[in-house]
Amino acid sequence: MRFWFLALVLATSSVRAQTGTFSYDSLCNRAMTSYKQPGMAMGVIENGSVVFSKGYGKRNLERNESIDDHTVFPVASLSKAFTAAAIGILVDRGMLKWDDKVISHDPSFALYDPQVTHQFTVRDLLCHRNGYETFDGDLLWYGTKYSREEIVNRFSRLKPKHGFREKYGYSNIMFIEAAVLIEKKTGMSWESFVRQHILKPLEMTETVVDHSAFLLLTNKATPHVNGAAQSYINYNNAAGAVGVNSNVADLLKWATMWLNQGTYKGKVILKESTVRELFAAKTVQQVSPKNEENGIHFKAAASGWMVQDLKGFKMVHHSGGLPGFILNLALLPEKKSAVVVLTNGETALPFALTNTVMDLHIAGKSKDYLPNTGQNGPDAGQKPIAPHKISFSDTLLLGNYQDLMYGGAKIFKQNGRLTLELSPTATLFTADLTPCGPAHFRFKFKDPFLPEGTLVVQFNPQGGIKSFTIDLPNPDFNFYNLLFTKQP
């Protein structure tokens with residue numbers, strides 16, 4: 001989620017040369033000011049050794065609690081590499097093969113096209129080439145109580161946008177299925193497997209993979225949206241995609257294992273051949289002219305990672321984003337270097353710091369990608385629209401609706417106001433409706449993460465309400481996939 005930040009920072013043309021002795025501490029302090037960041041933590045590995053690990057700012061702006069390198073953050077999509085590593089461990093043990101058909105290990109697995117279902121391999125789960133657009137299906141797990149199995153089952157009702165393996169489309173859903181596959185093959189939950197086979201041997205003692213365990217932590221970061229502290233959301237149902245909660249101190253151990261080709265303190269976590277497989281480019285991504293100006297000539301999805309060149313070196317990386325958190329981890333295997341940046345705000349800071357540090361490790365000097373002033377991303381707000389008289393009685397809208405993939409919705413009167421509720425995510429996706437056109441209603445969900453949207457009514461030939469759609473442009477959730485049909 002929130003990948004527009006990566007595009008934003010890589011498109012930055014205003015960079016300043018770093019002069020004098022390089023100071024990570026000075027860089028982080030300036031980044032905090034430049035981005036008006038609530039809090040952050042950064043760690044750096046140079047030539048295989050940890051050389052920097054420190055936190056800045058506040059865990060919660062409303063409380064005087066400082067961030068350090070042991071502050072735990074939900075690391076969002078950095079979790080995908082943990083799931084890919086778990087699959088790799090099963091391959092190393094002969095329990096899976098990369099080219100095995102998923103359906104041969106999980107007979108319940110299905111996609112929209114039966115032919116694709118029967119061709120879909122274990123490798124395909126991890127490299128974003130299933131025929132869908134980026135983030136298709138994410139509304140099934142965000143804020144819902146659907147189980148992992150039900151999420152994947154419901155996703156199968158959505159028609160793909162492209163041919164199988166035809167183009168890149170970032171998919172959280174396939175990593176949820178990867179977690180299901182791990183559970184079916186091992187008889188262990190995804191959480192238990194990751195704890196036993198990854199966290200324990202890597203001595204990642206402060207990392208947790210369950211929401212309830214995260215809530216019990218004292219030293220944890222609070223999400224901030226538009227500078228305001230927000231409540232935590234339970235993402236257990238999407239654990240294979242976003243379920244890890246960790247800190248800089250532990251993630252530097254994780255990065256060390258990858259830089260050592262699968263080994264940590266003499267313990268083999270992954271075979272070297274499996275690390276190569278996970279780091280291998282699978283699905284090509286587009287390279288922009290601005291990418292090329294910054295020394296990037298190819299980009300691709302690997303397995304649980306992204307890979308690209310950077311000024312002649314291979315960089316393996318992955319970003320993460322959830323409401324109130326933006327994070328990044330990048331490796332330069334040839335230099336045995338790594339940087340991890342965790343933040344509890346929504347700015348491009350992690351990518352600016354990553355690019356600055358990686359330039360330093362490659363060239364021995366660095367460009368400075370930090371802006372001169374605060375940079376908090378595009379303004380998601382919209383100009384208010386004056387109320388408009390609709391062309392029909394709003395009582396016609398009242399009732400229950402159903403989307404084939406997502407589930408139910410209802411429109412009802414509450415305190416005299418017309419109210420929309422998307423039932424699977426009612427805590428977040430409830431809003432009052434305000435007429436703004438002949439068959440259009442403006443609304444703002446309770447979820448502070450999303451901008452305003454428009455409900456558009458469709459009629460049947462008899463003049464009754466047939467259905468409604470939601471127009472809610474945003475970088476993370478594809479509401480345009482939903483069609484809510486009125487129920488009898």
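Inspection of the Tyr142 and Asp476 side chains reveals no N or O donor paired with an N or O acceptor under 3.5 Å. Side-chain contact of Lys145 with Asn234: a donor-acceptor pair under 3.5 Å is absent, judged by distance alone. Using a 3.5 Å distance cut-off with no hydrogens or angles, the side chains of His211 and Asn236 do not pair a donor with an acceptor. When only modelled atom types and interatomic distance are considered, Asn247 and Thr71 share no side-chain donor-acceptor pair under 3.5 Å. No side-chain N or O of Asn344 forms a donor-acceptor pair with one of Arg59 less than 3.5 Å apart. Side-chain atoms of Asn153 and Ser156 include no donor-acceptor pair closer than 3.5 Å.
Environment of CD in Gln286: sparse, with no more than 12 heavy atoms of neighbouring residues, nucleotides or ligands closer than 6.0 Å. By the 6.0 Å contact criterion, OH on Tyr232 is enclosed, its count of non-hydrogen atoms from other residues, nucleotides or ligands being greater than 12. Heavy atoms from other residues, nucleotides or ligands lying under 6.0 Å from CG of Asn226 number 12 at most. Within 6.0 Å of the NZ atom in Lys161, the count of heavy atoms belonging to other residues, nucleotides or ligands exceeds 12.
The CG atom of Leu422 sits 4.0 Å away from atom CZ of Phe445, with the distance rounded to the nearest 0.5 Å. Within the model, atoms CG of Leu472 and OG1 of Thr454 stand 8.0 Å from one another, a figure rounded to the nearest 0.5 Å. Residue Glu421 holds its CD atom at 4.5 Å from NZ of Lys410, rounded to the nearest 0.5 Å. The distance from atom CD1 of Ile67 to atom CD of Gln37, rounded to the nearest 0.5 Å, is 8.0 Å. The CG atom of Leu78 sits 13.0 Å away from the CZ atom of Phe325 when rounded to the nearest 0.5 Å. To the nearest 0.5 Å, atoms CG (Asp432) and NZ (Lys444) are separated by 12.5 Å.
One N or O on the side chain of Asp210 and one on the backbone of Ser212 form a donor-acceptor pair closer than 3.5 Å. Side chain of Thr283 to main chain of Tyr168: no donor-acceptor pair is present (N/O by atom type, distance under 3.5 Å, no hydrogens or angles). A donor-acceptor contact shorter than 3.5 Å is absent between the side chain of Ser467 and the backbone of Gln458. Using a distance-only test at 3.5 Å, with no hydrogens or angles considered, no donor-acceptor pair links the side chain of Gln308 to the main chain of Phe298. For Arg157 (side chain) and Leu404 (main-chain N/O), a donor-acceptor pair under 3.5 Å exists by modelled atom type. Side-chain atoms of Lys299 do not come within 3.5 Å of backbone N or O of Ser288 as any donor-acceptor pair. A distance-only check finds no donor-acceptor pair linking the side chain of His318 to the backbone of Lys80 [under 3.5 Å]. Between the side chain of His162 and the backbone N or O of Pro160, no donor-acceptor pair lies under 3.5 Å. Side-chain atoms of Thr134 come within 3.5 Å of backbone atoms of Tyr170 as a donor-acceptor pair (strictly under, hydrogens ignored). In this structure a side-chain-to-backbone donor-acceptor pair under 3.5 Å is present from Asp403 to Leu483.
Proximity of Asn294 to Asn355: side-chain heavy atoms (C-beta onward) are nowhere separated by under 4.5 Å. In this structure, Phe155 and Leu111 have side chains that are in contact, with non-hydrogen atoms separated by less than 4.5 Å. Considering only heavy atoms from C-beta on, Thr419 stays 4.5 Å or farther from Leu433 through its side chain. Two residues are said to be in side-chain contact when any heavy atoms from C-beta on lie closer than 4.5 Å; Trp98 and Leu278 meet this criterion. Side-chain contact between Leu450 and Pro323 is absent, with no heavy atoms from C-beta onward closer than 4.5 Å. In this structure, Met42 and Val339 have side chains that are in contact, with non-hydrogen atoms separated by less than 4.5 Å. At least one side-chain heavy atom of Gln230 sits less than 4.5 Å from a side-chain heavy atom of Pro448. Residues Leu353 and Leu370 meet the side-chain proximity criterion, which asks for heavy atoms closer than 4.5 Å.
Closest heavy-atom contact between Ile176 and Ala241: CG1-CB, 4.5 Å. The two residues Phe214 and Ala221 make their nearest non-hydrogen contact at CZ-O, 4.2 Å. The heavy-atom pair separating Gln487 from Thr485 by the smallest distance is NE2-O, 2.9 Å. Smallest separation of non-hydrogen atoms from Pro424 and Gly408: CD-O, 3.2 Å. Residues Asn245 and Gly243 approach most closely at ND2-O, 3.5 Å, considering heavy atoms. Nearest heavy-atom pair across Ala229 and Thr222 is CB-CG2, 3.9 Å.
Not counting sequence neighbours, the partners of His197 by the ring pair (Phe, Tyr, Trp, His ring centres under 6.0 Å) test are Phe193.
Between Phe351 and Tyr369, the distance separating the two ring centers is not shorter than 6.0 angstrom. Note: Phe441 and Phe468 fail the aromatic proximity criterion, with ring centroids not under 6.0 Å apart. Proximity of the aromatic rings of Phe135 and Phe477 is defined here by a centroid distance below 6.0 angstrom, and this criterion is not met.
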Steps toward side chain to side chain contact (heavy atoms under 4.5 Å, CB included) verdict (Thr430, Leu420): CA-CA 6 Å; Thr430 298; Leu420 167 68; over 6 Å; no
Verdict with supporting geometry, Met306 and Gln285, side chain to side chain contact (heavy atoms under 4.5 Å, CB included): CA-CA 10 Å; Met306 303 296 172; Gln285 297 173 275; 3.8 Å; yes
Working for side chain to side chain contact (heavy atoms under 4.5 Å, CB included), residues Met315 and Leu331: CA-CA 6 Å; Met315 185 167 82; Leu331 311 168; over 6 Å; no
message: I'd like to know whether Thr425 forms a side chain to side chain donor-acceptor pair (under 3.5 Å) with Tyr406, so could you lay out the CA-CA distance, the side-chain angles of the two residues, the decisive distance to 0.1 Å, and finally the verdict.
response: CA-CA 10 Å; Thr425 321; Tyr406 178 72; 2.6 Å; yes
task: Start with the C-alpha gap between Phe429 and Phe479, add the side-chain angles, then the distance that decides, and say whether ring-ring contact (aromatic ring centres under 6.0 Å, His included) holds.
output: CA-CA 12 Å; Phe429 292 172; Phe479 285 92; 5.6 Å; yes
- prompt: What do the steps show when you test Phe109 against Val152 for side chain to side chain contact (heavy atoms under 4.5 Å, CB included), and what is the final call?
  reply: CA-CA 7 Å; Phe109 175 72; Val152 178; 4.2 Å; yes
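Of the charged side-chain nitrogens involved, none lies within less than 4.0 Å of a carboxylate oxygen, so that Lys220 and Glu65 do not count as a salt-bridged pair. The pair Lys413-Asp394 counts as a salt bridge, with a side-chain nitrogen and a carboxylate oxygen less than 4.0 angstrom apart.
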Can you give each donor-acceptor pair under 3.5 Å made by side-chain atoms of residues 179-187, sequence neighbours left out, with the distance rounded to 0.1 Å?
| from | atom 1 | to | atom 2 | distance (Å) |
| --- | --- | --- | --- | --- |
| Glu183 | OE2 | Arg148 | NH1 | 2.6 |
| Glu183 | OE2 | Trp190 | N | 3.1 |
| Lys185 | NZ | His105 | ND1 | 3.2 |
| Thr186 | OG1 | Ile182 | O | 2.7 |
| Thr186 | OG1 | Met188 | N | 3.0 |
| Thr186 | OG1 | Met188 | O | 3.4 |

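Taking the six-membered ring for Trp and thresholds of 30 and 60 degrees, Phe82 and Trp254 have nearly parallel ring planes, at less than 30 degrees apart.
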